[in-house]
Amino acid sequence: MSEDQHAAAMRFVFEAGVLKRTALIGMILAAMEGADPARVTMLCVLHDTQETRTTDLPHIAKRYLTAAVTEYEAGETLEAIVARDADKLECLVQAVEYRHQGIDDVQRWIDSSRAALRTNSAHRLADAALTGRPLAWLTPPARPE
């Protein structure tokens, strides 16, 4: 993928930001990494449905809960690795959006999300997110004359 394609993918992710977008990011990352997009999307959706009631749990809280999605929690398959990267990338994107809105204290959030990424594709998308404009999707593309 070219840098322009990474930027285009991030514009789409920013546009979908009104939704919990981990599954969408997982589907994109799966295609980039050669993982099964359907399985990654399923793992992401299952992971996110847990968070609708428990919220996004801090790492320390996870030791007190039994994981509902063993594959995701084990993080051993390519699909689980990609799904986890999607979750971390979604956090990074949210922090970038907050920074764009003028909230300054997000750099540690960005750094910790980025440090957790394992795939090359997730790192490339993170680069695109950090240099992108979250609301660029609102501006229609220029029409050729």
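In what follows, every heavy atom counts, from backbone to side chain, and hydrogens, waters and symmetry copies are set aside.
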query = How long is the gap from NE2 on H123 to CZ on R118, to the nearest 0.5 Å?
reply = 10.0 Å
ask   = Taking all atoms of both residues into account, what is the closest heavy-atom pair of G26 and C44, and its distance?
value = CA-SG, 4.1 Å
inquiry  = For a 4.5 angstrom cut-off between non-hydrogen side-chain atoms, does K88 reach R114?
reply    = no
ask   = Can any side-chain N or O of E33 pair as donor or acceptor with the backbone N or O of A30 at less than 3.5 Å?
value = no
note = Interatomic distance, CD1@I25 vs OG@S121, rounded to 0.5 Å, equals 13.0 Å
ask   = What distance separates N120 CG from R124 CZ, expressed to the nearest 0.5 Å?
value = 5.5 Å
inquiry  = Does E3, at its CD atom, have more than 12 non-hydrogen atoms belonging to other residues, nucleotides or ligands within less than 6.0 Å?
reply    = no
query = Taking atom CG of L92 and atom CG of D85, what is their separation to the nearest 0.5 Å?
reply = 11.0 Å
query = Say you draw a straight line from CG of L43 to CG of D36; how long is it, rounded to the nearest 0.5 Å?
reply = 9.0 Å
query = Is it true that V82 and L117 fall in one hydrophobic cluster, defined by side-chain heavy atoms closer than 4.5 Å?
reply = yes
task = May I ask you to test the M32-H6 pair for a side-chain heavy-atom distance under 4.5 Å?
result = yes
request  = Decide yes or no for P134 and V96: does some side-chain heavy atom of the first lie under 4.5 Å from some side-chain heavy atom of the second?
outcome  = yes
task = Answer whether the closest heavy-atom distance between the side chains of V40 and M27 falls below 4.5 Å.
result = no
inquiry  = Has S112 got a side-chain atom pairing as donor or acceptor with W109's backbone, closer than 3.5 angstrom?
reply    = yes
key: T119 and its side-chain contact (heavy atoms from CB on, under 4.5 Å) partner, picked from L125, L29, L89   = L29
query = Do R21 and Q94 come within less than 4.5 Å of each other through their side chains, counting heavy atoms only?
reply = yes
ask   = Given side chains that start at C-beta, do those of R99 and D105 come closer than 4.5 Å, heavy atoms only?
value = no
inquiry  = With heavy-atom distances below 4.5 Å as the criterion, would you say the side chains of E90 and L24 are in contact?
reply    = no
ask   = What pair of heavy atoms forms the shortest contact from I81 to G75, and how long is it?
value = CG1-O, 3.5 Å
request  = Locate the shortest heavy-atom distance separating C91 from S113; write the atom from each residue and the value.
outcome  = CB-OG, 3.5 Å
